[in-house]
Engineer: 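Quick one: structure below, then a few questions.
We use all heavy atoms of the structure for the numbers below, so side chains are in, but hydrogens, waters and symmetry mates are not. Lettering follows sequence order; numbering is per chain, from 1.
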2 protein chains.
Amino acid sequence: MEQKYEMLCLKNQICFPLYACSREIIKQYRPFLEALDLTYTQYIAMMVIWEERCLNVKELGKRLYLDSGTLTPVLKSLEAKGYLLRRRSKEDERVLLVELTPEGAALRDKAVNVPMQMAACSRLTPEEAQTLYRLLYKILGRTPGEE
Amino acid sequence: MEQKYEMLCLKNQICFPLYACSREIIKQYRPFLEALDLTYTQYIAMMVIWEERCLNVKELGKRLYLDSGTLTPVLKSLEAKGYLLRRRSKEDERVLLVELTPEGAALRDKAVNVPMQMAACSRLTPEEAQTLYRLLYKILGRTPGEE
DNA sequence: TTAAATTATTTTGTATCCAATTTAATTATA
DNA sequence: TATAATTAAATTGGATACAAAATAATTTAA
């Protein structure tokens with residue numbers, strides 16, 4: 001290939017394997033999450049909601065790097081399954097609060113083994129996973145707990 | 001948080017930052033790709049087609065980790081823009097060949113600076129990027145050229 | 001103090017993704 | 001050689017993603 005096109009190859013891209021890996025791993029989640037009747041997006045949303053019990057859409061979106069355009073249908077679906085309640089804040093009617101239900105809390109016990117099951121599929125050593133984790137959060141520009 | 005839920009937190013997931021990073025970087029591509037009237041998916045498809053000049057949907061899908069359900073509309077859209085031709089193979093009518101047009105080849109010269117522009121946005125050192133690259137392809141289980 | 005600006009969420013429209021089904025062509029086999 | 005099995009794409013249906021516009025509530029500022 002001509003020199004000037006060298007950088008424009010799939011094999012010289014860093015974003016492409018990131019994109020491919022992300023989708024491949026999410027595909028691996030499928031059988032485990034299907035048993036919980038959750039999609040991956042619903043699963044990571046529930047993960048934050050399990051931790052926080054109650055938070056608003058903006059906060060949730062910041063944690064997940066998703067905007068309300070994506071979250072609105074996801075949260076409506078989780079509400080329809082009975083795992084959370086959506087209600088407007090009393091102090092500020094613009095704010096929508098998302099609150100864990102007892103059914104949602106019960107789901108956490110059913111989900112508790114998913115991380116271990118997924119770890120068993122990993123092709124990386126714990127050290128490699130740790131390195132990857134650090135690099136990914138360097139790209140994201142903030143650590144999970146931050147802000 | 002209770003010990004038993006410890007692994008079920010966003011901050012202890014490896015897939016989540018992968019998923020978030022992938023989307024964040026694809027978002028960074030947008031202004032550069034908009035100038036070419038391409039989406040990210042169209043861009044990586046063109047990248048393979050620029051290299052191969054002519055290949056079939058199955059081969060393209062293997063390179064991109066995408067199936068024909070995703071590729072069919074992407075390729076129709078690229079054909080509509082005039083960057084490629086879709087035609088059935090003479091030897092096997094089931095196979096759809098995707099062939100670069102002169103317009104598609106010309107687009108390559110307009111895209112040639114995108115990788116450099118994106119590299120300028122990177123928060124990683126070249127060494128870190130190299131490490132990340134290696135780990136991602138370890139997860140994918142095959143190197144870019146392989147198979 | 002009320003009109004303008006801002007903010008949080010929803011809606012809309014477009015483009016993926018992907019599982020599952022369908023269609024059409026080819027190959028294998030009884 | 002008919003028929004079954006396989007294969008490559010396309011289609012269908014459901015769930016994201018996300019930009020842009022719309023809606024509604026709150027805050028700012030002239």
Engineer: Would you say the base of dA10(D) and the side-chain of Ser68(B) have a donor-acceptor pair closer than 3.5 Å?
Structural biologist: yes
Engineer: In plain terms, say whether Glu24(A) and Lys27(A) are close enough for a salt bridge, that is, a side-chain N and a carboxylate O under 4.0 Å apart.
Structural biologist: yes
Engineer: Looking only at heavy atoms, which two atoms of Leu100(B) and Trp50(B) are closest? And how far apart?
Structural biologist: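 In this case the closest contact between Leu100(B) and Trp50(B) is CD1-CD1, 3.8 Å.
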Engineer: Does anything in residues 79-95 of chain B reach DNA chain D, meaning a heavy atom under 4.0 Å, and if so which residues?
Structural biologist: Arg86(B), Arg88(B), Arg94(B), Val95(B)
Engineer: Taking side chain to side chain donor-acceptor pair (under 3.5 Å) as the cut-off, I'd like each qualifying pair that reaches into residues 105-117 of chain B, sequence neighbours left out, listed once.
Structural biologist: Lys4(A)-Asp109(B), Tyr5(A)-Asp109(B)
Engineer: Counting only heavy atoms from other residues, nucleotides and ligands, does the tally under 6.0 Å from NZ of Lys138(B) exceed 12?
Structural biologist: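 Check passes, neighbour count above 12.
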Engineer: Leu64(B) has an atom CG; how far is it from atom P of dC18(C), in whole Å?
Structural biologist: 11 Å
Engineer: Determine the minimum heavy-atom distance between Arg86(B) and Thr72(B), stating which atoms define it.
Structural biologist: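 Result for this residue pair: NH2-CG2, 4.4 Å.
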Engineer: Just to be sure I understand the geometry, which residues of residues 25-34 of chain B put a non-hydrogen atom under 4.0 Å away from DNA chain D?
Structural biologist: Lys27(B), Arg30(B)
Engineer: Using a strict 4.0 Å threshold on nitrogen-to-oxygen distance, state whether Glu52(B) and Arg63(B) make a salt bridge.
Structural biologist: yes
Engineer: Give the rounded distance in Å between these two atoms: CG of Leu97(A) and C1' of dT9(C).
Structural biologist: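 Taking atom C1' of dT9(C) as the reference, CG of Leu97(A) is at 12 Å.
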Engineer: Rounding to a whole Å, what distance do you find between Lys76(B):NZ and dT16(C):C1'?
Structural biologist: 15 Å
Engineer: Measure the distance from CG on Asp67(A) to C1' on dA15(D) and round it to the nearest whole Å.
Structural biologist: 15 Å
Engineer: Can you confirm whether or not the ring centre of Tyr19(B) sits under 6.0 Å from the ring centre of Tyr40(A)?
Structural biologist: yes
Engineer: Touch check for Leu71(A), heavy atoms < 4.0 angstrom, all strands: base, sugar-phosphate only, or nothing?
Structural biologist: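 The answer is nothing, as Leu71(A) stays clear of every strand by at least 4.0 Å.
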Engineer: Residues in side chain to side chain contact (heavy atoms under 4.5 Å, CB included) with Met7(B), at least two apart?
Structural biologist: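 For Met7(B), the residues satisfying side chain to side chain contact (heavy atoms under 4.5 Å, CB included) (neighbours in sequence not counted) are Pro115(A), Asn12(B).
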Engineer: Please determine whether a side-chain nitrogen or oxygen atom of Tyr65(A) lies at a distance below 4.0 Å from atom OP1 or OP2 of dC18(D).
Structural biologist: no
Engineer: Kindly say if Tyr19(A) contacts the phosphate of dC17(C), meaning a side-chain N or O under 4.0 Å from OP1 or OP2.
Structural biologist: yes
Engineer: Please report, rounded to the nearest Å, how far the C1' atom of dT16(D) is from the CG atom of Leu75(A).
Structural biologist: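 For the pair Leu75(A) CG and dT16(D) C1', the rounded distance is 13 Å.
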Engineer: How far apart are the closest heavy atoms of Leu71(B) and Val57(B), and which atoms are they?
Structural biologist: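 What the structure gives for the nearest pair is CD1-O, 3.9 Å.
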Engineer: Could you check which nucleotide pairs with dA30(C) in any of the strands shown, counting Watson-Crick or G-U wobble with both distances under 3.5 Å?
Structural biologist: dT1(D)
Engineer: Report the residue (Arg23(A) or Thr70(A)) whose heavy-atom-nearest nucleotide on DNA chain C is the more 5′ of the two.
Structural biologist: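 Result: Thr70(A).
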Engineer: Give, ordered by number, those residues of residues 37-61 of chain A having at least one heavy-atom distance below 4.0 Å to an atom of DNA chain D; if nothing qualifies, reply none.
Structural biologist: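 Hits under 4.0 Å, by residue number: Thr39(A), Thr41(A), Gln42(A).
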Engineer: With rounding to the nearest 0.5 Å, note down the distance linking OG1 in Thr101(A) to NZ in Lys81(A).
Structural biologist: 13.0 Å
Engineer: Please enumerate all residues that pass side chain to side chain contact (heavy atoms under 4.5 Å, CB included) together with Arg30(A), with sequence neighbours excluded.
Structural biologist: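 Residues passing side chain to side chain contact (heavy atoms under 4.5 Å, CB included) with Arg30(A): Glu34(A).
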